[in-house]
Amino acid sequence: MRPVTDLERRVAPFDVQSEYQPSGDQPTAIAEIAERIGAGEKDVVLLGATGTGKTATVAWVAEKLQRPMLVMQPNKTLAAQFANELRQLFPENAVEYFVSYYDYYQPEAYVPQTDTYIEKDSSINEEVERLRHSATNSLLTRRDVIVVSTVSCIYGLGTPQEYVDRMLRLRVGDEMDRDAILRRLVEIQYTRNDMSFTRGTFRVRGDTLEIFPVYEEHAVRVEFFGDEVERLMALHPVTGDVISDDQELYVFPATHYVAGPERMERAIKGIEEELAEQTAHFQKNGQLLEAQRLQMRTSYDIEMMRQVGSCSGIENYSMHMDGRTRGSAPNTLLDYFPEDFVLVVDESHVAVPQIGGMYEGDMSRKRNLVDHGFRLPSAMDNRPLRWEEFVDRIGQTIYLSATPGDYELSRVPVDEHGGPDVVEQIIRPTGLVDPQVIVRPTKGQIDDLIEQINARTAKNERVLVTTLTKKMSEDLTDYLLEAGIRTRYLHSEVDTLKRIELLRELRMGEYDVLVGINLLREGLDLPEVSLVAILDADKAGFLRSDKSLIQTIGRAARNVSGEVHMYADTITPQMESAIEETNRRREKQIAYNLEHGVDPQPLRKKIADITDMLAREDETTQELLATWDGTQARGNKSKKAPTPGLRTLDKGQEQKDRESMPDLAGLPSSDLAELVQQLTEQMHTAAAELQFEVAARLRDEPGAAVTTGEELARRVRAAVFPRTRWREGYTPAEVDRFLAELAGALEAGRPVDAMVDSALFTPVRLTPGYDMDVVDTLLEDVVAESAGPAAPDVGPAGTRSTGEAAAASHTGARLASYVDSARFTMVRRGRRYAMRPVDDLLGDVREAALADQPTSSVAPSGLTTARLGEGYDADEVDRFLAGLGVAAPRT
């Protein structure tokens, strides 16, 4: 529902400002898309190969159409990249960024099986919230707007009609009562604060009113002469410098969920009627607890809405606030756009399925809340749009993808050859062509692969290899390493930042081969890669579908000598389709290059990523630590304390930093409070600048030095452990039970070192368990940071033992229990024992202990060194057996 208003949108033409001009396929694609949209076609598909400049094409199309535009991206990262590129091309126009404003979001939920209610918990990023308000403000006040968004644009937002109706309009020369304006500002959720001038606040000084809108970087100053508005200015909120003088200004509400007194009273009446109806339903069915719970929670919300005009979770009452009927679609960002806006769906093969999947996921959670009395049934109408509702609200659409999905292709007319009539953009400005695809037999595929890898590494080029499973990728990595090839693997269990480091190291030549599974989803842009090897290419499934194969083939399209080798015994229809499409594009690209005399140029791209920023932050941190002097800090209250204990990428440097850190335990309470205050301010500053890694370290590290039992207990309860499947892990239920007991002991202030030292967990292998190293590290940290004695001496990672002294103090059943507690690190490289003989040997030792026989009588002759696959770390086994008096042979 578009708002009805006399508000005139400012008209300014889209104007692309770039030193480049359209080249390759771009001029044809731009003209054809603009022509089709101008002719009224509902849907247009742009089939754009990787590296052909689709972002620039969208910008030039917007310039030709001169219509507001919404660009949908499948995730926040791509949305941010796309928005930044468009801002560079449109410096004089409004390019907005609309995504979820939560840094952290735990939705409200109820788990009936365990009777667990999870309260909504969230952390809102103020800058992203400003950008959201800026997007709606721009959409209502100007025409030259491009909004780059994720699926957040289909989630419920306040009604645009009420948003416009509650707007405060100021014009020079108008007669307006100052106190009436102040009351109006309070009604639209602005807060008076004469001391701290932040977004969403206003302050009054005599005849001068200053307002800081939530969507602006600059504040507004209103000067009165009596009741007449004499002057309107935009000013810098910190320095107070006047930026501009204006004749008319609009101040939109501080929240999208705003309602006037009449609308609020009508909404409350509807809520009370629904509450009575639902309570009667629960009582009729004997659900007295649910009835009482709903009555209590809803009555509190109603009282808050009456007194302050809002409440926590007010969006759950949006149906009543908007005056909608049950089951009707909510208002979303789409309703803020004018009727003639153009929708662009980037990476449509991923984004289109996302749109359709949002509704059911939201409903499954809210049904439990409604059925158990936590929310009224109308809360289910605060939801994302269904697919059909989304289609009803959009107009003309442009789909962008290198591999368009079946839905997009079905929306366009059929060409003269019987296929979908799409706009193609497959010529790259650099002249690079799609790689040649070669099919090779699976027999001897690994030997052939090694030969191909050696040929590439001799030319200082890189190789990508894709497998079907994580196990295969790890085993192949081990095999290639044993063959002397520098190799790494990459899959979903690898940490996010580690993935970025791996890609950077591949480009820099620190290793030559990267083995992965679904590498097409990693957003790889690797000009150094000249060979992509696809193992088991003829195995049916998602990873070997025609679209997945085309995306994977595209990873080699950044190199002049790029090739793709598919290892298969038969050519499947999916392989045939992918190869035909690649060859078709390749032939067209080569013909274009020959016709225009283009010599393909290798892509030279700077090796830079997010780790550059993290490295700079670490360097700055070390400079701060180097300037710290504990004595000076205690003697000079004005000196800013640095951040203690930030982890660095260099483990040796980290240890030196820890040794040179001040002893926080010895700080006076006043200095300690000052330090905490300074670090808190630094944390908020880093978060406001979107440097979340720095903010997280500021949050976590200082607390480690002055952690209380309650803080440690909270950390223990919130711990999340990686799951293991192909290697040994701890039994999750046992770990969870122990951590619950540990948290209770910490809260009660009891020593926990002995409790942790005696912890024994049953290992599991073929079913998911908790990662042993992560669990052990947590327990060691808890002991080290608790108020009890120092942490006990623990064995190597995965071995919860205390060495020879512990074994010597054990006899009989205690010694058998000690043997049962043995945990050894699983390793793939280096000296390692086969696991079965070690387990059998420990079984013999255990039986000897129970029979009160000396453990030295057990013969260790069965131990063998593992040559392939995983095994127990031999040094750990040797140390453990030495503690038992059993000499392990070195084989």
Side-chain angles (χ1 to χ4, degrees), residues 1 100-102 105-113 115-122 124 151-159 162 255-259 263-285 287-306 308-333 335 357-387 389-390:
M1 180 187 68
S100 170
Y101 50 32
Y102 296 112
Y105 180 65
Q106 169 60 60
E108 183 182 33
Y110 177 68
V111 184
Q113 293 84 352
D115 190 27
T116 303
Y117 171 68
I118 303 171
E119 191 172 3
K120 175 182 174 181
D121 186 17
S122 63
I124 292 178
V151 288
S152 290
C153 67
I154 70 169
Y155 276 77
L157 202 62
T159 166
E162 189 68 11
T255 173
H256 287 109
Y257 299 97
V258 66
R263 182 183 288 264
M264 180 63 76
E265 198 54 45
R266 184 173 67 248
I268 290 175
K269 183 178 179 182
I271 295 169
E272 289 175 336
E273 291 174 356
E274 185 183 13
L275 173 61
E277 179 183 337
Q278 186 68 5
T279 303
H281 168 76
F282 281 140
Q283 291 173 342
K284 181 180 178 181
N285 291 292
Q287 296 174 281
L288 302 182
L289 175 61
E290 287 80 358
Q292 173 62 24
R293 179 186 291 150
L294 184 65
Q295 181 73 41
M296 179 179 65
R297 291 170 58 86
T298 309
S299 297
Y300 176 80
D301 288 346
I302 290 174
E303 188 63 23
M304 288 295 293
M305 285 188 280
R306 278 206 171 104
V308 300
S310 185
C311 70
S312 176
I314 192 172
E315 63 273 9
N316 289 294
Y317 303 106
S318 60
M319 187 195 83
H320 297 285
M321 306 282 285
D322 298 346
R324 294 185 282 118
T325 57
R326 185 69 58 84
S328 58
N331 293 287
T332 65
L333 179 69
D335 296 301
M358 293 295 109
Y359 172 77
E360 278 302 327
D362 187 72
M363 282 298 102
S364 62
R365 175 178 60 86
K366 287 185 177 172
R367 286 190 189 101
N368 275 338
L369 291 171
V370 171
D371 292 343
H372 293 85
F374 289 94
R375 288 292 174 192
L376 291 171
S378 58
M380 291 194 291
D381 286 300
N382 171 46
R383 57 176 176 80
L385 295 175
R386 299 189 186 95
W387 173 254
E389 294 168 341
F390 171 76

Residue pair Arg324 / Ser318: nearest heavy atoms and the distance that separates them = NH2-OG, 3.2 Å
Do any N or O atoms from the side chain of Asp381 and from the backbone of Gly327 form a donor-acceptor pair under 3.5 angstrom?
-> yes
Sequence neighbours left out, what passes side-chain hydrogen bond (donor to acceptor under 3.5 Å, both in side chains) with Thr116? Give chain and number order.
-> Thr114
Between Glu108 and Arg297, is a salt bridge (Lys or Arg N to Asp or Glu O under 4.0 Å) present by the stated rule, with each step listed?
-> CA-CA 14 Å; Glu108 183 182 33; Arg297 291 170 58 86; 2.8 Å; yes
Interatomic spacing from CG in Leu288 to OG1 in Thr279 - rounded to 0.5 Å | 11.5 Å
Between the CD atom in Gln287 and the CD atom in Gln278, the distance rounded to the nearest 0.5 Å is 8.5 Å
Roughly how far apart are Ser328 OG and Asp322 CG, rounded to 0.5 Å?
-> 8.0 Å
What's the spacing between Ile302 CD1 and Ile268 CD1 if we round to 0.5 Å?
-> 7.0 Å
Would you check, one step at a time, whether the test side chain to side chain contact (heavy atoms under 4.5 Å, CB included) holds for Asn382 with Lys366?
-> CA-CA 10 Å; Asn382 171 46; Lys366 287 185 177 172; 3.5 Å; yes
For Tyr300, look at atom OH and say whether over 12 heavy atoms of other residues, nucleotides or ligands are found less than 6.0 Å away.
-> no
Give the intermediate values and the outcome of side chain to side chain contact (heavy atoms under 4.5 Å, CB included) for residues Asn368 and Arg375.
-> CA-CA 9 Å; Asn368 275 338; Arg375 288 292 174 192; over 6 Å; no
Work out which heavy atom in Ser152 is nearest to a heavy atom in Ser100; give both atom names and the distance.
-> OG-N, 3.0 Å
Would you say Thr159 and Arg263 make side-chain contact, with heavy atoms under 4.5 Å?
-> yes
Set of salt bridge (charged side-chain N to carboxylate O under 4.0 Å, His left out) partners for Arg306, sequence neighbours left out | Glu265, Glu272
Decide side chain to side chain contact (heavy atoms under 4.5 Å, CB included) for Phe282 and Leu294; before the verdict, give the C-alpha distance in whole Å, the side-chain angles of both, and the deciding distance to 0.1 Å.
-> CA-CA 9 Å; Phe282 281 140; Leu294 184 65; 3.9 Å; yes
Any donor-acceptor pair under 3.5 Å linking the side chain of Asn285 with the backbone of His281?
-> yes
Heavy atoms, side chains only, cut-off 4.5 Å: are Leu385 and Pro330 in contact?
-> yes
Using a 4.5 Å cut-off on heavy atoms from C-beta on, say whether the side chain of Val370 contacts that of Leu376.
-> no
When rounded to the nearest 0.5 Å, the distance separating CE of Met380 from CE of Met319 is 10.5 Å
How would you list, by chain and number, every residue that makes a side-chain hydrogen bond (donor to acceptor under 3.5 Å, both in side chains) with Arg383, sequence neighbours excluded?
-> Glu389
Does the side chain of His320 reach to within under 4.5 Å of the side chain of Lys269, using non-hydrogen atoms?
-> no
Residues two or more places apart in sequence or in another chain: which of them pass side-chain hydrogen bond (donor to acceptor under 3.5 Å, both in side chains) with Ser299?
-> Gln295
Could you label the plane-to-plane angle of the Phe374 and Tyr110 rings as parallel, tilted or perpendicular, counting under 30° as parallel and over 60° as perpendicular?
-> tilted
Tell me, do Met321 and Arg266 make a side-chain contact under 4.5 Å, heavy atoms counted?
-> no
Hey, does Glu303 have a side-chain heavy atom less than 4.5 Å from the side chain of Cys311?
-> no
Answer whether the closest heavy-atom distance between the side chains of Arg367 and Met363 falls below 4.5 Å.
-> yes
With sequence neighbours left out, what residues match Asn316 under side-chain hydrogen bond (donor to acceptor under 3.5 Å, both in side chains)?
-> none
Between the OH atom in Tyr359 and the CD1 atom in Ile154, the distance rounded to the nearest 0.5 Å is 12.0 Å
Output all residues satisfying ring-ring contact (aromatic ring centres under 6.0 Å, His included) with His256, sequence neighbours left out; order by chain, then residue number.
-> His133, Tyr163
Answer whether the closest heavy-atom distance between the side chains of Met305 and Tyr317 falls below 4.5 Å.
-> yes
